[in-house]
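Data block below; observations after.
All values derive from a computational prediction rather than experimental measurement. In what follows, every heavy atom counts, from backbone to side chain, and hydrogens, waters and symmetry copies are set aside. Counting starts at 1 for both ligands and their atoms, following the listed order.
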Amino acid sequence: MVLDINPSGAREPKYYQVKRHLLQLIDTLEPGSLVPTERVLTVELATSRTTVRQALSELVGEGRLVRRQGSGTYVAEPKIAWPLHMTSFTEQAAAAGYSASTQLLDAVRERATEDIAARLAIKPAAAVYCIERLRLVDGTPMAVETSYLSAARFPGLISHVRKASSLYQVLADVYDTAPVAAEETIETAAASPREAELLNTDTGSPMLVLGRHSFDAAGEPIEWVHSWYRGDRYVFVAKLSSGQ
Ligand code: GLP
């Protein structure tokens, strides 16, 4: 039987009609339910395989469906709500009921580019530490974070970070400082092959990139960091209020 997925005759691309139809179907199914195959949908919706594939791919990218190689396409689990606070990854995870862990991917001392130097209020080419870490919640890779901090301000930071899971804990315990304010930006990007491998997704899949520029109580910059999260798995939650 062929289903009429555009009874009102709306002027929309065919793939979008297929996508709307699939979204309605997803709403009636439990996470983990199998959705019909491309072949079945092609026949049922009287359309081409390319059209069906485009609708399915968008829904995978948006985190509504997941593809399992050689098995099929399933309704995705709900996304994880991740609060945007001034606190550390470790504290954010704990507040949301998860346990955080860290894998140090790379830690080097290098010369600051003009941009990084301006962010950290140091001279261009001054020494900075670049620390790249994989952040995990309950053992699942969640984000890749690349942080820059001034080497003159935080001498010996790399050896401390090698022994600790939380950077903010090291800043408090060893350097007696804490980020108390930050500017945070959110933008989209496509996963590079490396990020895709680390975060267990496909190259080119949508990522959410957080940029945080943090400052201590005296207004001195502490850290400039980019964090790459899987865009299909997380929703960032910022609480806004009109009070001061
Ligand atoms: C968050 C911030 C990062 C910060 C990190 C510190 O993820 N976005 O800018 O570096 O927290 O977390 P932790 O102390 O757990 O290493």
Side-chain angles (χ1 to χ4, degrees), residues 79-110 112-113 115-122 128-151 153-189 191 195 198-199 207-231 233-240:
K79 294 184 186 181
I80 297 170
W82 195 248
L84 293 180
H85 286 154
M86 193 48 255
T87 48
S88 71
F89 184 89
T90 308
E91 291 167 308
Q92 277 168 283
Y98 302 107
S99 140
S101 55
T102 305
Q103 202 180 307
L104 187 63
L105 300 170
D106 204 11
V108 292
R109 191 185 154 104
E110 60 187 39
T113 60
D115 176 51
I116 291 168
R119 294 276 180 185
L120 298 179
I122 57 176
V128 286
Y129 292 126
C130 171
I131 298 168
E132 191 183 37
R133 301 181 299 160
L134 181 65
R135 315 306 310 263
L136 303 96
V137 279
D138 291 350
T140 302
M142 180 170 177
V144 178
E145 289 192 319
T146 306
S147 304
Y148 291 91
L149 297 97
S150 157
R153 179 156 185 207
F154 301 108
L157 179 65
I158 289 182
S159 65
H160 293 294
V161 164
R162 280 192 202 286
K163 290 180 252 150
S165 178
S166 166
L167 171 66
Y168 282 11
Q169 197 66 54
V170 167
L171 294 179
D173 294 349
V174 182
Y175 304 97
D176 194 24
T177 191
V180 297
E183 185 176 287
E184 193 141 77
T185 55
I186 308 177
E187 58 190 319
T188 58
E195 287 148 15
L198 288 166
L199 299 174
M207 307 287 287
L208 289 167
V209 187
L210 294 191
R212 184 183 287 191
H213 192 197
S214 61
F215 302 85
D216 64 16
E220 292 297 324
I222 291 186
E223 185 194 22
W224 170 231
V225 49
H226 276 106
S227 312
W228 282 261
Y229 289 77
R230 276 179 58 164
R233 294 298 300 131
Y234 301 98
V235 177
F236 293 123
V237 183
K239 290 220 164 79
L240 310 176

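- Looking at atom 11 (O) of ligand 1, its nearest protein heavy atom turns out to be Phe89 N, 2.9 Å.
- Other residues, nucleotides and ligands contribute at most 12 non-hydrogen atoms within 6.0 Å of the CG atom of Asp176.
- Between Tyr175 and Arg153, the closest heavy-atom pair is CD2-O, 4.2 Å.
- Of the polar atoms of Ser166, at least one N or O is found under 3.5 Å from an N or O of ligand 1, judged by distance alone.
- Screening residues 136-149 for salt bridge (Lys or Arg N to Asp or Glu O under 4.0 Å), with sequence neighbours left out, gives Arg133-Glu145, Arg135-Glu145.
- Nearest protein heavy-atom contact of atom 10 (O) of ligand 1 is Glu223 OE2, 2.8 Å.
- Side-chain atoms of Tyr229 do not come within 3.5 Å of backbone N or O of Val235 as any donor-acceptor pair.
- Of the N or O atoms in Arg135, one or more lie within a sub-3.5 Å distance of an N or O in ligand 1.
- Below 3.5 Å of separation, one finds an N or O of Tyr168 facing an N or O of ligand 1.
- Looking at Met86 and Arg212, their side chains come closer than 4.5 Å, going by heavy atoms from C-beta outward.
- Using the six-membered ring where Trp is involved, His226 and Trp224 have ring planes that are perpendicular, over 60° apart on the 30 and 60° scheme.
- The N/O atoms of Val225, backbone and side chain alike, include none that comes under 3.5 Å of an N/O atom in ligand 1.
- Near Leu167, the atoms of ligand 1 lying under 4.0 angstrom from a non-hydrogen atom of the residue are 10 (O), 13 (P), 14 (O), 16 (O).
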Report all side-chain donor-acceptor pairs from residues 157-165 shorter than 3.5 Å, counting only partners two or more places apart or in another chain.
| residue | atom | partner | partner atom | Å |
| --- | --- | --- | --- | --- |
| Ser159 | OG | Gly156 | O | 3.0 |
| Ser165 | OG | Thr102 | OG1 | 2.9 |

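- Every atom of ligand 1 with a heavy atom of Thr90 under 4.0 Å away is listed here by number and element: 13 (P), 15 (O).
- Here the protein heavy atom with the shortest distance to atom 3 (C) of ligand 1 is Glu145 OE2, 3.5 Å.
- Under a 4.0 Å criterion applied to the non-hydrogen atoms of Ser165, ligand 1 contributes the atoms 16 (O).
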